[in-house]
There are 2 protein chains.
Amino acid sequence: METIKDIARICGVGVSTVSRAINNHPDINPETKEMIMQVIKEHNYIPNNSARNLKRSESKAIAVLVKGITNPFFNDMIGIIEQETQRKKYSFILQRVEENENELDVAIQLVKEKKLKGIIFLGGIITHSSENFAQLDVPFVLSTSDIVNEEDNKAPLWSSVSVDDFAESYKMTDYLCKAGHRKIAIIAATKGDESIGKLRLEGYLKALGNNNIRPDKSIILHMEENKDSYSMETGYRLMKKLLKERDKFTAVYAIADSLAVGACRAITETGAVIPRDCSVAGFDGLEIGTYYNPSLTTIRQPVEELAKVTIDLLFNIIRKNGQHKKVVLPGELLVRESTREI
Amino acid sequence: METIKDIARICGVGVSTVSRAINNHPDINPETKEMIMQVIKEHNYIPNNSARNLKRSESKAIAVLVKGITNPFFNDMIGIIEQETQRKKYSFILQRVEENENELDVAIQLVKEKKLKGIIFLGGIITHSSENFAQLDVPFVLSTSDIVNEEDNKAPLWSSVSVDDFAESYKMTDYLCKAGHRKIAIIAATKGDESIGKLRLEGYLKALGNNNIRPDKSIILHMEENKDSYSMETGYRLMKKLLKERDKFTAVYAIADSLAVGACRAITETGAVIPRDCSVAGFDGLEIGTYYNPSLTTIRQPVEELAKVTIDLLFNIIRKNGQHKKVVLPGELLVRESTREI
DNA sequence: TTGTATGCGTTATCAG
DNA sequence: CTGATAACGCATACAA
């Protein structure tokens, strides 16, 4: 593999001139530049990124860290963020982080390595203390998740944008109640969940309370730690279990569309018809909800807006045009075929 | 941000000693090592990866390049590959490449930057000439896709593992024919497709021919270039169009499960019942096919095996334990609820 | 407009 | 076992 030196030698110029050619520097003779670029192309020379990053004090790049790429919900967001980033002439790095990995460490390392200007966290992150965040010395925004900040009065150290999971979950549950359901089962996250799973469960409980319904523990299903994920299979399996207590509920609310789909299947397999015999509702607004049969009543998260706000927020900070802030976007209750009044 | 020098100074040792501590070198006093690690922890020192990559002549790492992260089919494969990679004490880099980006360039650059030992391409890649591949000087395997190699006699320059898209597609179509269908519509890729889309269409045509059925162009639907993707929405829209010629077909074969789901929805919305009024089949074996209503007849690609073989192949070459070879794995015809005999 | 020389943070070599 | 020091490939200040 050749280096910039080789190219310089071949071209009969100094390395800096080659460097200038590569990096679109203004002060270089157009002819020499063209000649150099020609040679570069012929020799398939590719600058070594490590060396560049090492030398450069800054770069125009941001990164998105996604926890568990499995969530199809993020795909659209990533697409939009990437597009928007490129429109701003920044380069975009997508970094996946393992479920058990510490995204903060990954972030800090990445910032060092790539000299990032900012970071976006997609999902995860909730369990970290603000002390840990202090080490991250570039602006960042938590998208689709936030940690509860005890000190609301102070100027926040980061931005966040998400829907109000508690309120939206309340909205869905309340809709079911108002539709006449009084026995509403829920497929929830793990018992120890401290993130959106918890919020959505709390919204459910609150709505029940306000509708004078006492929660029935036997129809509150939890995912199992280290075993279940937000998958159709999980929804299916938990629903199967629940179906043994068939007379205990008239509606099922799954805190994610993927779970809801699995639940639907389990119900349908018993010969029951949705929503005639049982209503089913989800959360997220995944594409499958539109095309599933029956189409799925759900809370749609405003994906495009979520992404747009996220990227705008970040660039505002980067360009010193604004402060960090917490943005909450409204979700949308989509009543479709899978639920009915009773 | 502190560097290795700072740490050395603080510890009162030389940089090389710190380096030894970091990199688990054998020849270092355990006590000094522990002391150094302590200081490192306290100061949150993180080595600069760029500098490391620059200096190191090699690293134990491989990368997976995925074209268009959108395909849920790849998620499982990635998971398995990653797991397997870590078991072999290699680090794993997942790199997404844009739909319009040249994955080969990305690969070459990445190899340089990270000193990779090998590469796995997931999807894409088909349109490149073997000349282009010559620049890639580490072993690589094409997973889930391959380019037709004119010179089969020579020892291949890379490995590939995939199902036989032509044969599997033939299998599905033939099944439909044998089930009594003679008017089988297909939702295919773009007209100019040169990859799996083409193979699957050809398998369909061949099967029709062998069953003495003349292809009917009016029920061969193509995705539109630069507009459609393998999404439910595309399947839905194309199916809507096709439904105007309702009497022209008794079955629909979509070359991807995602398309099939959209098609199912379009059919169901007309009030027709699947499979009573129309059979629908897909391809891939996505999770949704199991939980969709009706569950989807499809060709299941052996995801786990695909992934395992891929990673094994790569490591065999890396460790000089084997030659490059082309592996074709059998798909599995899963007859479920969405199709019936007529 | 161009070339030379320096240093980015690490690892590896070699001498202690 | 440890410490100086020379690369790694590039960008840039400075000199020409």
Side-chain angles (χ1 to χ4, degrees), chain A residues 1-40 43-61 91 108-116 137, chain B residues 1-37 39-40 43-61 91 108-117 137:
Chain A
M1 278 295 159
E2 48 246 313
T3 74
I4 198 174
K5 263 187 187 165
D6 301 315
I7 301 298
R9 194 169 26 72
I10 295 167
C11 294
V13 301
V15 286
S16 36
T17 307
V18 178
S19 180
R20 287 186 188 97
I22 295 172
N23 297 294
N24 282 79
H25 260 77
D27 49 351
I28 180 175
N29 187 318
E31 288 168 25
T32 41
K33 174 171 178 178
E34 193 175 348
M35 182 267 282
I36 292 172
M37 294 311 275
Q38 184 62 33
V39 172
I40 286 179
H43 289 251
N44 298 115
Y45 163 70
I46 299 175
N48 182 313
N49 239 321
S50 296
R52 293 182 116 164
N53 287 329
L54 182 58
K55 182 63 192 172
R56 272 206 265 261
S57 52
E58 61 161 49
S59 76
K60 288 177 70 170
S91 63
I108 293 167
Q109 173 140 4
L110 207 59
V111 168
K112 265 189 102 159
E113 178 175 348
K114 307 277 189 180
K115 306 280 176 9
L116 300 181
D137 55 355
Chain B
M1 277 298 156
E2 48 247 312
T3 75
I4 198 173
K5 267 187 186 166
D6 300 316
I7 301 297
R9 193 167 29 72
I10 295 167
C11 295
V13 301
V15 285
S16 21
T17 306
V18 178
S19 180
R20 285 187 188 97
I22 296 172
N23 297 294
N24 281 79
H25 260 78
D27 48 351
I28 180 174
N29 186 319
E31 288 167 27
T32 43
K33 174 172 177 178
E34 194 175 348
M35 182 267 283
I36 291 172
M37 295 310 276
V39 172
I40 286 179
H43 289 249
N44 298 115
Y45 163 69
I46 299 175
N48 183 312
N49 239 321
S50 296
R52 292 183 119 165
N53 288 329
L54 180 59
K55 181 60 194 174
R56 271 207 265 261
S57 51
E58 61 163 44
S59 76
K60 289 178 70 171
S91 61
I108 294 168
Q109 175 140 4
L110 207 58
V111 168
K112 264 190 102 160
E113 179 174 348
K114 307 275 189 182
K115 305 284 185 344
L116 300 180
K117 275 288 205 310
D137 55 356

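Remember, predicted model here, so these are calculated numbers, not experimental data. Chain A is the first sequence line, chain B the second, and so forth, proteins listed ahead of strands; every chain is numbered from 1.
For the contact set between residues 108-117 of chain B and DNA chain C, defined by any heavy atom under 4.0 Å, there are no members. Only B/Ser16, listed by number, bring a heavy atom of residues 7-16 of chain B to less than 4.0 angstrom from any atom of DNA chain C. The stretch residues 21-29 of chain A touches DNA chain D through A/Asn23, A/His25, each having a heavy atom within less than 4.0 Å of the strand.
The heavy-atom pair separating A/Thr3 from A/Tyr45 by the smallest distance is C-CE1, 3.7 Å. Residues B/Ile4 and B/Ile22 approach most closely at CD1-CD1, 4.3 Å, considering heavy atoms. Closest approach of B/Ala21 to B/Ile36, counting heavy atoms only: CB-CG2, 3.9 Å. The heavy-atom pair separating B/Lys114 from B/Ser59 by the smallest distance is O-OG, 3.0 Å. Here the closest non-hydrogen pair linking A/Arg9 and A/Asp6 is NH2-OD1, 2.9 Å.
A donor-acceptor pair is defined here as one N or O able to donate and one able to accept, closer than 3.5 Å; such a pair exists between the side chain of A/Lys112 and the backbone of B/Ile46. Remark: the backbone N or O of A/Ala8 is not paired with any side-chain donor or acceptor of A/Thr17 at under 3.5 angstrom.
The shortest distance between the side-chain N/O atoms of A/Thr32 and the OP1/OP2 oxygens of C/dT2 is below 4.0 Å. At least one side-chain nitrogen or oxygen of B/Ser19 sits closer than 4.0 Å to the OP1 or OP2 atom of C/dT11.
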Produce the list of close N/O pairs, under 3.5 Å, pairing protein atoms with atoms of nucleotides 14-16 of chain C; give distances to one decimal.
none

Detail all sub-3.5 Å separations between protein N/O atoms and N/O atoms belonging to nucleotides 7-9 of chain C.
| residue | atom | partner | partner atom | Å |
| --- | --- | --- | --- | --- |
| C/dG7 | N2 | A/Lys55 | NZ | 3.0 |
| C/dG7 | N3 | A/Lys55 | NZ | 3.2 |

Go through the steps to decide whether A/Val39 and A/His43 satisfy the test side-chain contact (heavy atoms from CB on, under 4.5 Å), and finish with yes or no.
CA-CA 6 Å; A/Val39 172; A/His43 289 251; 3.8 Å; yes

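Here the NZ-CG distance, from A/Lys115 to A/Asn53, works out to 6.0 Å after rounding to the nearest 0.5 Å. Note that the CE atom of B/Met35 and the CD1 atom of B/Ile40 stand 10.5 Å from one another [nearest 0.5 Å]. In this structure, A/Leu54 CG and A/Asn48 CG are separated by 9.5 Å, a value rounded to the nearest 0.5 Å. The line from NZ of B/Lys117 to OG of B/Ser91 is 10.0 Å long, rounded to the nearest 0.5 Å.
Of all nucleotides in DNA chain D having an atom under 4.0 Å from a heavy atom of chain B, the first and last in 5' to 3' order are D/dC1 to D/dG9.
Sparse packing is recorded around CD of B/Glu34, with 12 or fewer heavy atoms of other residues, nucleotides or ligands lying under 6.0 Å away. Few gaps surround NZ on B/Lys60; more than 12 heavy atoms of other groups in view lie less than 6.0 Å from it.
For B/Ser19, the side-chain hydrogen bond (donor to acceptor under 3.5 Å, both in side chains) criterion is met by B/Asn23, not counting sequence neighbours. Taking A/Arg20 as the reference, nothing meets the side-chain hydrogen bond (donor to acceptor under 3.5 Å, both in side chains) condition, with sequence neighbours excluded. Applying the side-chain hydrogen bond (donor to acceptor under 3.5 Å, both in side chains) criterion to A/Arg56, with sequence neighbours excluded, gives no partner residue. Residues satisfying the side-chain hydrogen bond (donor to acceptor under 3.5 Å, both in side chains) test with A/Asn49, not counting sequence neighbours, are B/Glu113.
Of the residues near DNA chain D, B/Thr17 and A/Glu2, the one whose nearest nucleotide (by heavy atom distance) lies more toward the 5' end is B/Thr17.
Summary for the helix from C/dT1-D/dA16 to C/dG16-D/dC1: the axes at its two ends, each from 5 pairs, differ by 40° when rounded to the nearest 10 degrees.
The salt bridge (charged side-chain N to carboxylate O under 4.0 Å, His left out) analysis of residues 21-33 of chain B, with sequence neighbours excluded, yields no pairs.
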